[in-house]
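Report on one structure; see the data block that follows.
In what follows, chains are A, B, ... by sequence order, proteins preceding strands, each numbered from 1. All values reported here derive from a predicted model rather than from experimental measurement.
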Amino acid sequence: MRLYNTLGRKKQDFIPVNDNKVSMYVCGITAYDLCHIGHARSSVVFDVLYRYLRHTGYDVTFIRNFTDIDDKIIKRANEVGKEAGDIAEKFINEFYVDMDKLAVLRPDIEPKCTEHIPEMIALTEHLIGKDHAYSTPSGDVYFKVRSFEGYGKLSGRNIDDLESGARVDPSEEKQDPLDFALWKSAKPGEPSWESPWGLGRPGWHLECSAMSEKYVPLPLDIHGGGQDLSFPHHENEIAQSEAATGKPFANYWVHNGFVQINSEKMSKSLGNFFTIRDILDKFLAETLRYFLLTMHYRSPLDFSFDALEEAEKGIKRVYAALAQVDVELEKSKWKKSPFPEELVTEFDEIEKSWKEAMEDDMNTAGALGHVFSAIRLAGRIAEDKNLRKSEGGRDLFIRIQENMKVWGSVLGIFERVPAEFLTELRDNRAARAGIDPAKVQGLLDARKDARKNKDFEKSDAIRDELAAMNVEVKDTPQGATWDVA
RNA sequence: GGCGACAUAGCCAAGUGGUAAGGCAGAGGUCUGCAAAACCUCCAUUCUCCGGUUCAAAUCCGGAUGUCGCCUCCA
């Protein structure tokens with residue numbers, strides 16, 4: 001597989017340090033609020049990477065941390081009059097609720113910052129011992145940025161340029177404005193831990209360095225996170241870890257692009273954000289997940305409810321085709337009539353293309369394009385009287401179905417029983433449109449009677465009435481069904 | 001100010017040297033009591049603009065314009 005490495009800014013062949021063992025560390029959330037779509041994107045992107053690596057046969061150790069102590073959590077706790085630990089616990093639980101709905105698999109290891117204080121203290125002491133860090137009279141510890149030669153290599157920054165733009169808070173006792181905190185002395189009333197420098201708590205960047213080192217050998221094969229973490233967070237992690245160990249921290253740095261609203265970054269500080277809950281109030285989680293995968297993970301993704309509705313049409317079409325395949329495969333008799341070999345070849349190509357897309361820097365958008373090609377192929381066979389009854393057709397239906405299972409398991413979508421999903425999607429759309437399913441069913445029953453009596457005038461009148469409610473009637477051999485127009 | 005990314009049809013979006021995937025919308029057709037769905041066909045001689053390299057460029061190089069991001073907590 002090829003992966004775009006932020007370190008070096010180009011796609012590279014992905015080669016793990018240890019054969020088929022892969023270590024992957026992704027920066028998780030700071031647990032102080034509900035997650036927004038940006039978190040959803042990052043989680044889904046790395047979930048797909050995790051799934052794909054496992055699919056291709058790697059033995060992956062996936063670590064995703066929780067930052068459960070930091071300024072924002074403390075601030076939030078003070079606002080609502082609770083303990084910081086309670087806030088963190090609450091929002092970690094809420095995070096799981098969202099992630100489970102989005103079908104994001106649990107990582108193998110989910111370390112929490114507060115459970116690794118000793119490791120972080122040890123790392124800090126080690127860095128002081130190597131003269132890469134220093135403590136101050138008030139009990140803070142800072143990393144000496146200028147003592148680490150490679151500083152700026154990930155984000156492509158020049159240390160002197162940074163210096164000129166650096167701001168210094170007068171309350172800080174930094175030797176250099178670029179230095180960043182490894183350990184922060186506690187202010188009265190703040191959660192704190194004993195340390196050689198007095199009561200305090202770890203700086204944000206420290207946890208990833210300490211916790212990744214604890215659970216897997218460095219260098220990490222993959223380190224990931226949102227694009228905004230590359231500087232300063234990941235740059236600082238590199239400085240800490242590499243200064244301490246003398247080894248590279250991570251070989252492949254993978255960063256996902258932002259979610260934007262009207263082409264502007266969505267962020268808490270701008271206030272233009274939607275939480276995952278906001279979306280799932282209206283749309284199915286699978287629709288959101290599908291939407292997130294329709295764009296390459298590094299591109300900015302412009303979110304809007306209109307775009308989500310479009311995505312919904314896409315996923316509906318895929319499931320509708322899968323439902324059709326299910327129906328076809330329920331037949332028990334198949335004819336030995338000839339089946340065009342080129343259709344089989346066409347599917348061979350689709351299968352190959354899907355893999356190529358995923359191999360090329362996890363191009364889920366491209367891969368989904370090929371899913372649609374498979375879907376259309378299924379539709380073409382189902383449409384043709386002879387093909388759909390032939391053994392060749394059956395075999396290709398089965399192949400399409402089996403491949404969709406594999407593709408779906410990698411992408412984390414298309415895994416539901418199609419008919420069930422379609423009903424759920426319809427009810428979801430009906431709820432959004434304010435349609436009462438029971439009332440619709442009543443009208444459909446009345447229409448059924450009218451049609452039985454060949455009273456098409458009445459039948460059409462009922463359909464018009466339903467149409468006025470935004471309900472579309474579909475007559476099928478199995479009876480009438482409905483959908484939201 | 002420093003650093004960086006992006007610019008592909010009405011909209012969304014793949015495509016990083018070999019002659020423009022896919023989705024949505026739209027048009028025509030098959031099917032249907034009429035519809036809907038599905039399927040078929042059509043829908044970018046061209047990839048923001050201007051130069052250059054090359055047998056060959058959306059893809060590489062230079063410049064212009066525009067949009068966005070990082071440099072401060074942020075996925």
Side-chain angles (χ1 to χ4, degrees), chain A residues 6 9-11 26-30 32-33 35-46 70-72 75 152 155-158 160-167 169 204 224-233 235 255-260 263-270 273 290-291 294-296 298-302 304 306-307 309-318 320-321 323-324 350 353 357 360 363-373 375-384 451 454 456-457 459-460 463-464 467 471-476 480-483 485:
Chain A
T6 308
R9 296 177 194 285
K10 57 173 185 271
K11 285 185 200 170
V26 174
C27 290
I29 60 160
T30 298
Y32 75 105
D33 204 349
C35 289
H36 55 62
I37 321 172
H39 297 108
R41 185 179 197 193
S42 182
S43 308
V44 166
V45 161
F46 289 105
D70 107 311
D71 290 345
K72 293 188 293 295
K75 181 167 174 257
S155 51
R157 275 155 227 263
N158 175 303
D160 294 310
D161 291 340
L162 284 168
E163 182 88 56
S164 64
R167 299 198 307 214
D169 186 326
W204 177 41
Q227 212 165 58
D228 48 353
L229 296 182
S230 62
F231 188 89
H233 185 52
E235 199 71 70
H255 291 103
N256 66 277
F258 292 126
V259 174
Q260 309 183 325
S263 299
E264 288 207 327
K265 179 181 172 180
M266 180 181 85
S267 75
K268 292 191 180 175
S269 48
L270 291 175
F273 70 97
Y290 170 85
F291 170 71
T294 56
M295 271 142 280
H296 184 84
R298 281 188 286 118
S299 308
L301 179 158
D302 221 6
S304 69
D306 284 348
E309 271 183 49
E310 205 184 279
E312 189 178 69
K313 288 176 188 165
I315 197 169
K316 181 178 159 192
R317 188 166 156 212
V318 173
Q324 181 65 36
I350 292 169
S353 301
D360 184 14
N363 186 351
T364 56
L368 283 171
H370 299 121
V371 167
F372 275 95
S373 301
I375 286 311
R376 279 190 299 145
L377 181 57
R380 254 186 293 157
I381 298 165
E383 190 63 22
D384 188 292
R451 290 186 81 216
K454 298 259 190 278
F456 293 123
E457 202 172 311
S459 160
D460 286 353
R463 186 166 60 204
D464 288 345
V471 170
E472 215 162 56
V473 179
K474 298 180 201 178
D475 292 318
T476 72
T481 63
W482 63 281
D483 202 349

Exercise. Paired with B:U32: which nucleotide, if any, by Watson-Crick or G-U wobble criteria at under 3.5 Å for both distances?
Worked result: none
Exercise. B:G4 phosphate, OP1 or OP2: any side-chain N/O from A:Arg9 under 4.0 angstrom?
Worked result: no
For this session: Quick one: look up who B:A37 pairs with, Watson-Crick or G-U, both distances under 3.5 Å, and put none if it's unpaired.
Result: none
For this session: Write down the distance between CZ (A:Arg298) and C1' (B:G15), rounded to a whole number of angstrom.
Result: 13 Å
For this session: Could you check how far CG of A:Asn256 sits from C1' of B:C74, rounded to whole Å?
Result: 12 Å
Seminar exercise, completed: In Watson-Crick or G-U wobble terms, with both distances under 3.5 Å, the base opposite B:U45 is none
Problem set entry | Nucleotide of B:G23, B:G33, B:G2 approaching A:Glu310 most closely (side-chain heavy atoms) | B:G23
Exercise. Is there a donor-acceptor pair closer than 3.5 Å between any side-chain N or O of A:Glu235 and the backbone N or O of A:Ser155?
Worked result: yes
Seminar exercise, completed: Scanning all shown strands, the Watson-Crick or wobble mate of B:G51 with both distances under 3.5 Å is B:C61
For this session: Would you kindly give the NZ-to-P distance between A:Lys75 and B:U72, to the nearest whole Å?
Result: 19 Å
Exercise. Across all strands, who's sitting opposite B:G10 as a Watson-Crick or G-U wobble pair, both distances under 3.5 Å?
Worked result: B:C24
Seminar exercise, completed: Among B:A14, B:A75, B:G33, the one nearest any side-chain atom of A:Ser42 is B:A75
Problem set entry | Nucleotide B:A75, atom P - distance to CD of A:Gln260 in whole Å | 16 Å
Problem set entry | Phosphate-side-chain proximity, A:Lys265 and B:C70, N/O vs OP1/OP2 below 4.0 Å | yes
Problem set entry | Any A:Arg376 side-chain nitrogen or oxygen under 4.0 Å from OP1 or OP2 of B:A38 | no
Exercise. Does a side-chain N or O from A:Arg380 land closer than 4.0 Å to OP1 or OP2 of B:C40, or not?
Worked result: yes
Problem set entry | For atom CD of A:Glu309 and atom P of B:C12, their distance in whole Å | 16 Å
Seminar exercise, completed: pair_partner(B:U67), Watson-Crick or wobble, both distances < 3.5 Å, evaluates to B:A5
Problem set entry | Separation of atom CZ in A:Arg451 from atom P in B:G33, rounded to whole Å | 8 Å
Exercise. Is the side chain of A:Arg451 donor-acceptor paired with the backbone N or O of A:Phe456 at a distance under 3.5 Å, no angle test?
Worked result: no
